[in-house]
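The structure appears right after this line, and notes come after that.
Atoms considered below: every heavy atom in the structure, side chains included; atoms not considered: hydrogens, waters and symmetry mates. Letters A, B, ... are given to chains in the order of the sequence lines, protein chains preceding strands, and every chain is numbered from 1.
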Amino acid sequence: MDNKNITKILKLTAQLMELHEVNTFKIRSYTSAIYSIDQGNISLEKLDKEALQKINGIGKSIAEVIVQLQETGTHEYLEELLKETPKGLLEVLEIKGLGPKKIKTLWKTLHITSVHELLEACQSGEVAKIKGFGKKTQESIIQSLEFMASNQGKWHYADVEEAVETLHDDLVQLFGDDAVSLTGAYSRKNEIIEQVEWLIKSEDPKAVFKKLSSLKPLQQDKKTSSPFTWRGKLGERDLSAVIFVTSPSTFVNEQLLRSASRAHLLAPLEDGTPLGSYFKAGQFESQEAAYKAAGLAYVVPELREGQFEIALAKENKLPVLLEEKDLKGILHNHSTYSDGKHTLKEMADYCQELGYEYLGISDHSRTAMYAGGLDIDKVVEQQAEIKRLNEEMAPFRIFSGIESDILVDGSLDYPDEVLASFDFIVSSIHSGLSMTRKKATARLIKAIENPYTTILGHPTGRLLLRREGYPVDHKAIIDACAENKVVIEINANPWRLDLDWRWVHYAMDKEVMLSINPDAHEKKGYFHMKYGVLTGRKGGLTKAMTLNAMGVQAIGEYFDKRKENIKK
DNA sequence: GCCGTTTTCGGCCCGACTGTTTTCAGTCG
């Protein structure tokens with residue numbers, strides 16, 4: 001069992017302990033053990049009881065618990081707690097804004113033991129009447145429940161990627177490369193996937209179904225399947241999967257129709273025919289040939305969203321999209337100076353090992369106490385270390401940055417002379433997230449207008465499927481970035497992907513550059529760059545408009561020049 | 001339950017934010 005799953009179970013244990021009012025210091029032990037595991041970079045997988053106890057915060061009993069987890073997937077104490085807990089309450093624990101204490105109150109006073117009962121109690125106004133609760137709490141519970149319901153059965157692209165790619169390889173093995181095609185939202189590299197779809201070319205659907213039944217990760221739902229359409233689930237995740245079987249004569253038509261979004265297919269051609277109707281009626285050798293016949297340049301699947309691509313395809317002006325290999329460096333990363341798992345040197349070494357020319361380190365600024373934000377002394381210390389490492393590692397270079405909190409009033413988190421000591425600054429909002437659109441926009445614009453802001457970090461603060469971002473006026477933000485020559489981050493963490501791809505094209509139109517930033521808190525975080533590239537590509541991002549596609553020298557000059565302009 | 005010692009028992013206790021209160025409790029990152 002990996003660290004992530006271990007801490008997940010320990011967290012559940014701690015929550016249940018709170019629910020059952022176990023000694024608070026005992027609970028604290030669990031939470032501090034979790035913190036220690038999260039922060040450290042020691043894999044617990046192969047450690048025995050003795051080795052576990054050497055880790056700060058883990059003593060005899062928690063070590064025993066972890067050993068049990070490794071051996072059985074659960075532990076005795078957890079099982080005991082679960083026995084005393086109504087099953088439905090476990091789901092209630094997932095609700096944002098509700099902790100164990102409040103849940104206990106709901107359980108003991110209103111006898112609520114499930115999400116369903118909770119929703120009813122909120123709707124009837126019972127919850128607001130309890131001491132310690134109020135109308136706002138009741139309203140926010142309803143909102144959370146609605147948000148959760150709307151996200152049922154949806155997954156992050158990155159979460160399903162491995163299962164999808166593995167099955168795709170299996171399908172290719174079974175049916176041949178030219179007879180299998182991924183379609184749907186996944187083929188367009190959408191950030192959220194509700195269903196994965198394939199198209200299989202065959203005259204004999206029965207034979208196809210038979211072969212499919214040999215694939216272990218697939219479980220067919222016979223009720224919803226039909227003679228040409230296999231429906232069911234993929235893998236343990238309960239991911240909805242559909243496999244269409246189509247004859248060779250309509251394979252290309254189906255590929256075109258099933259890979260594009262509705263908006264793309266509704267786009268009219270010169271004579272007014274919707275593209276979808278044209279694709280349906282015609283006979284084509286290949287997808288490329290179909291676009292050509294329609295008088296369009298070839299549109300890659302990820303652009304088939306009905307945004308701007310048809311107009312550009314008509315004029316043969318589709319951009320050459322950014323590729324991962326175009327990226328020369330990685331900006332916006334954290335180290336052990338704040339809440340990262342690996343040291344500055346480890347982060348730099350690994351970055352160099354992956355073939356990049358530079359690393360931008362931007363730990364949290366001092367206001368971010370929860371993340372070990374750097375006070376001014378630490379900033380000085382880190383910059384000295386960067387200077388030393390740069391001498392050692394040349395021509396590789398570390399740029400000294402900071403992820404400065406944008407404070408509630410829109411100002412940055414250090415006095416000007418400290419801000420001036422960095423090569424670049426990523427300005428982001430981390431606290432005070434519940435704002436009106438007007439307030440959030442004004443706060444961001446003030447930070448954008450600060451001459452020290454180089455990059456605007458995750459502009460909406462959203463966490464996909466978990467938290468809506470604060471509402472912002474995207475146009476106003478992008479316009480302000482254009483005016484102040486501020487780069488906008490495409491935060492490549494699959495939970496964020498923020499700036500959203502739907503705004504990338506507008507930003508480029510305004511000549512705002514974008515930066516693909518992994519926001520890495522550990523070495524393997526660099527691999528998220530890939531999802532940032534996908535996001536950029538969906539918005540039509542080019543190499544020329546990507547900040548970190550610049551080589552080390554060019555970006556060094558870019559940072560210097562920006563700083564010179566501040567002095568003037 | 002963990003830690004650290006003034007060494008086997010006593011202390012442990014983040015800070016901002018929100019919504020409830022009207023000085024605080026609960027939650028979150």
Side-chain angles (χ1 to χ4, degrees), chain A residues 7 10-11 13-40 49 52-68 75-78 80-81 92-108 122 127-144 334 338-341 363-373 375 403 405-409 413 428-436 439-440 443 458 461-463 466-467 469-470 493 495-496 519 521:
Chain A
T7 53
L10 293 180
K11 271 176 204 163
T13 311
Q15 281 184 311
L16 292 176
M17 283 157 84
E18 273 197 75
L19 196 62
H20 294 289
E21 286 181 336
V22 174
N23 176 305
T24 52
F25 290 116
K26 186 169 167 179
I27 299 168
R28 209 194 310 277
S29 298
Y30 272 76
T31 47
S32 73
I34 293 163
Y35 182 78
S36 176
I37 296 168
D38 271 341
Q39 287 303 302
K49 205 171 158 185
L52 284 167
Q53 283 184 68
K54 291 209 175 101
I55 296 170
N56 197 22
I58 297 179
K60 216 171 151 187
S61 356
I62 295 183
E64 171 62 31
V65 160
I66 294 172
V67 169
Q68 284 186 22
H75 63 91
E76 280 172 32
Y77 184 41
L78 174 66
E80 261 173 54
L81 288 165
V92 179
L93 279 167
E94 309 271 313
I95 299 168
K96 237 181 87 66
L98 276 188
K101 296 237 166 81
K102 285 213 158 113
I103 294 172
K104 186 180 167 88
T105 308
L106 290 166
W107 178 24
K108 295 297 174 187
C122 286
V127 170
K129 290 182 197 159
I130 310 171
K131 192 174 181 301
F133 291 72
K135 274 202 171 152
K136 279 201 174 172
T137 307
Q138 180 171 277
E139 198 45 47
S140 87
I141 294 173
I142 293 177
Q143 269 190 5
S144 291
H334 298 261
S338 67
D339 59 348
K341 274 193 188 173
D363 274 304
H364 286 285
S365 63
R366 58 184 178 176
T367 298
M369 294 295 288
Y370 58 87
D375 58 31
E403 181 177 19
D405 264 31
I406 299 173
L407 305 177
V408 173
D409 67 356
D413 202 11
S428 333
I429 291 181
H430 289 108
S431 58
L433 301 180
S434 56
M435 295 174 279
T436 59
K439 205 177 154 210
R443 184 173 169 188
H458 46 68
R462 74 178 182 186
L463 293 176
R466 192 178 352 161
R467 170 175 94 198
Y470 36 83
N493 186 312
W495 286 86
R496 293 192 183 269
D519 201 353
H521 284 70

Out of B:dT18, B:dG1, B:dC17, whichever nucleotide has its closest atom nearest the side chain of A:Val408: B:dC17
Given DNA chain B, 5'-ward residue of the pair A:Ile58 and A:Lys136, judged by closest heavy atom: A:Ile58
For A:Lys136, all residues meeting salt bridge (Lys or Arg N to Asp or Glu O under 4.0 Å), sequence neighbours excluded: none
Sub-4.5 Å side-chain heavy-atom contact between A:Val92 and A:Trp107: no
Polar contact flag, side-chain donor to acceptor under 3.5 angstrom, A:Gln143-A:Glu139: no
Comparing A:Gly134 and A:Lys60 on DNA chain B - which has the more 5′ nearest nucleotide: A:Lys60
Nearest-angstrom distance, C1' atom, B:dC13 to B:dA25: 15 Å
Side-chain donor-acceptor contact under 3.5 Å, A:His75 with A:Glu64: no
Could you list all N or O pairs between the protein and nucleotides 25-29 of chain B that sit under 3.5 Å apart?
residue, atom, partner, partner atom, Å
B:dT27, OP1, A:Gly99, N, 2.5
B:dT27, OP1, A:Gly99, O, 2.7
B:dT27, OP1, A:Lys102, N, 3.0
B:dT27, OP2, A:Lys101, N, 3.3
B:dT27, O5', A:Gly99, N, 3.4
B:dC28, OP1, A:Gly97, N, 2.7

Phosphate OP1/OP2 of B:dC13 contacted by A:Thr24 side-chain N/O (<4.0 Å): no
Watson-Crick or G-U wobble mate for B:dA16, both contacts under 3.5 Å: B:dT27
Backbone of A:Pro100 reached by a side-chain donor or acceptor of A:Gln15 within 3.5 Å: no
Pairwise side-chain contact, A:Leu407 with A:Asp405, heavy-atom cut-off 4.5 Å (strictly under): yes
Within the sub-3.5 Å range, which N or O atoms of nucleotides 21-24 of chain B have a protein N or O partner, and how far apart are they?
none

B:dG19 versus B:dC9 - spacing of their P atoms, nearest Å: 47 Å
Touch class at under 4.0 angstrom, heavy-atom based, for A:Ile55 against every strand present: sugar-phosphate
Donor-acceptor under 3.5 Å (A:Arg467 side chain, A:Gly461 main chain): yes
Separation between the C1' atoms of B:dG26 and B:dT20, rounded to whole Å: 10 Å
Spacing of the P atoms in B:dA16 and B:dG10 (rounded, Å): 33 Å
Presence of A:Ser140 side-chain N/O under 4.0 Å of B:dT18 phosphate oxygens OP1/OP2: no
Polar contact flag, side-chain donor to acceptor under 3.5 angstrom, A:Thr367-A:Asp413: yes
A:His458 and A:Asp519: side chain donor to acceptor below 3.5 Å: no
For A:Val127 against A:Phe133, the heavy-atom pair lying closest together: O-CB, 3.3 Å
Below 4.0 Å: OP1/OP2 of B:dA16 and any side-chain N or O of A:Thr367: no
Sequence-distant partners of A:Lys96, salt bridge (Lys or Arg N to Asp or Glu O under 4.0 Å), two or more places apart: none
A:Glu76 CD to B:dG1 P, straight-line distance once rounded to whole Å: 13 Å
Rounded interatomic separation in angstrom, taking CD from A:Gln53 and P from B:dG4: 13 Å
Interatomic distance at C1', B:dC28 relative to B:dT22, whole Å: 24 Å
C1' gap between B:dT6 and B:dG11, integer Å: 14 Å
B:dC12 to B:dT18 separation - P atoms, rounded to the nearest Å: 30 Å
Backbone of A:Phe25 reached by a side-chain donor or acceptor of A:Ser29 within 3.5 Å: yes
Residues in salt bridge (Lys or Arg N to Asp or Glu O under 4.0 Å) contact with A:Lys26, at least two apart in sequence or another chain: none
Same-atom distance (P) from B:dT5 to B:dG1, integer angstrom: 22 Å
Sugar-phosphate, base or nothing in reach of A:Lys104, heavy atoms under 4.0 Å: nothing
Atom pair distance, as rounded to whole Å: CD in A:Glu64 and P in B:dG1: 12 Å
Can you tabulate the close N/O pairs, meaning under 3.5 Å, that link protein atoms to atoms of nucleotides 10-12 of chain B?
none

